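Working notes, structure below.
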Protein chains: 2
Amino acid sequence: MQQQISIITIGVADLARSKHFYGEGFGWSPVFENAEIFFFQMNGLMLGCFLKPSLEADMGRPLLAVAGAYSLAHNVESEAAVIAVMNRLAQAGGRIVRPADAPLHGGFRGYVADPDDHAWEIAFNPAWTIDAQGHVTFGI
Amino acid sequence: MQQQISIITIGVADLARSKHFYGEGFGWSPVFENAEIFFFQMNGLMLGCFLKPSLEADMGRPLLAVAGAYSLAHNVESEAAVIAVMNRLAQAGGRIVRPADAPLHGGFRGYVADPDDHAWEIAFNPAWTIDAQGHVTFGI
């Protein structure tokens, strides 16, 4: 089977609020939107922002928590870019969960929660390769 | 900024149990592992399985819920493949959350929870393109 993820779908309370955060914070444009979901075309997969009741209905699993045991990461090219992106996300309605610092395993990273408390790690990792299309390759 | 996600990190209780589920269920091999995390090299991003206390410590946000308001999707080439993958995941320790059926927006999909209750949508969507490297492109 392909080692492939097609979509990350996150549950959100307010589509307009989420569009502002992802549009103004990350600068991303949706590829599709309707009254209950919008998608970003990412690096070989989609990020979907889906109204939480609709996600619960689609999954057949009501009363989902937010702020669950996962994080999404967006890697950038330098420590300075980590700080700049985190500040831009905070200005767009995000919340700094952990200010950026250097973990023991190397690199530099912090965490920002989106308006629904989904955590984004903003990271610089000099050992990882990111090509022009945003495709990421593991390195040590 | 690139429309790019570098990592999806999920919190897990038991690394061996998760390796069994992802290894036997999806047939995936880790690119890196140590005593608290392992990574799969996916289609231009990583999937990380990180011990939940370690993720909480790294994020600086304790007592994370699991089963949160998000899902991960793996798209396959046919309705029959959706059923086959879901059965294989269930045999590897997953739980069928929603048996596969056809949603109003088209295609065919069901949901399986991994051993830590992270939801995977297994889907067939004939309008979406998936290339040989697993890179997914939106279509209607």
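Bear in mind the structure is a predicted one, so any value in this text is a computation, not a measurement. In what follows, every chain begins at residue 1, and chains take the letters A, B, ... in the order their sequences are listed.
For the set H118(A), R61(A), M59(A), the entry with the most heavy-atom pairs within less than 4.5 Å of chain B is M59(A). The candidate with the highest count of non-hydrogen atom pairs below 4.5 Å against chain A, out of P103(B), S29(B), A81(B), is S29(B). Of the residues considered (A73(A), A132(A), G134(A), G68(A)), A73(A) shows the highest number of contacts with chain B, using heavy-atom pairs under 4.5 Å. The greatest number of non-hydrogen atom pairs below 4.5 Å with chain A, out of G48(B), A119(B), G110(B), A113(B), is found for A119(B). Interface summary for chain B: among V31(A), T9(A), L64(A), the most heavy-atom pairs under 4.5 angstrom belong to T9(A). Ranking A69(B), G11(B), A123(B) against chain A, the residue ahead of the rest is A69(B), based on heavy-atom pairs under 4.5 Å. Between chain B and the residues W128(A), F40(A), F50(A), the largest count of heavy-atom pairs under 4.5 Å involves W128(A). The residue among G27(A), G60(A), A67(A) with the most heavy atom pairs within less than 4.5 Å of chain B is A67(A). For the set I10(B), D117(B), V76(B), the entry with the most heavy-atom pairs within less than 4.5 Å of chain A is D117(B).
In this structure, chain B has no heavy atom under 4.5 Å from any part of A13(A). Heavy atoms closer than 4.5 Å to chain A are found in the side chain of Y111(B), but not in its backbone. Using a 4.5 Å cut-off between heavy atoms, L45(A) touches chain B through backbone and side chain atoms alike. For I8(B), the parts lying under 4.5 angstrom from a heavy atom of chain A are both the backbone and the side chain. The part of I130(A) that comes within reach of chain B is its side chain, from C-beta onward, which places non-hydrogen atoms under 4.5 angstrom from that chain. Heavy atoms of F39(B) lying under 4.5 Å from chain A belong exclusively to its side chain. With a threshold of 4.5 angstrom between heavy atoms, V85(A) approaches chain B through side-chain atoms but not through N, CA, C or O.
The side chain to side chain donor-acceptor pair (under 3.5 Å) test with D58(A) singles out one residue from R109(B), H105(B), R98(B), and that residue is R109(B).
Following chains of ILVMFWY side-chain contacts shorter than 4.5 Å, one can reach F38(A) starting from L89(A), so the two form part of one hydrophobic cluster. No continuous path of hydrophobic side-chain contacts links I83(A) to V97(A) [ILVMFWY only; heavy atoms under 4.5 Å]. By the criterion of side-chain heavy atoms lying less than 4.5 angstrom apart, applied directly or through intervening Ile, Leu, Val, Met, Phe, Trp or Tyr residues, V12(B) is grouped together with M42(B) in one hydrophobic cluster. L47(B) is not connected to I37(B) by any chain of hydrophobic side-chain contacts under 4.5 Å among Ile, Leu, Val, Met, Phe, Trp and Tyr, and they are in different clusters. Cluster membership check: F124(A) shares its hydrophobic cluster with W120(A), using side-chain heavy-atom separations under 4.5 Å among Ile, Leu, Val, Met, Phe, Trp and Tyr.
To the nearest 0.5 Å, the span separating NE2 on H74(B) from CD on Q3(A) amounts to 9.5 Å. Rounding to the nearest 0.5 Å gives a distance of 10.0 Å between CD of Q2(B) and CH2 of W28(A). To the nearest 0.5 Å, the span separating CE on M46(B) from CZ on F138(A) amounts to 7.0 Å. For the atom pair OG (S71(A)) and CD (E56(B)), the distance works out to 12.0 Å, reported to the nearest 0.5 Å. One finds the OH atom of Y70(A) at 14.0 Å from the NZ atom of K52(B) (value rounded to the nearest 0.5 Å).
Between the side chain of N43(A) and the backbone N or O of I5(B), at least one donor-acceptor pair lies under 3.5 Å. Without hydrogens or angle criteria, Q4(A) side chain to H135(B) main chain gives no donor-acceptor distance under 3.5 Å.
Side chains of E121(B) and S6(A) form no contact here, defined as non-hydrogen atoms less than 4.5 Å apart. Taking 4.5 Å as the limit, every side-chain heavy atom of I7(B) sits out of range of all side-chain heavy atoms of L72(A). Considering only heavy atoms from C-beta on, I140(A) comes within 4.5 Å of F32(B) through its side chain.
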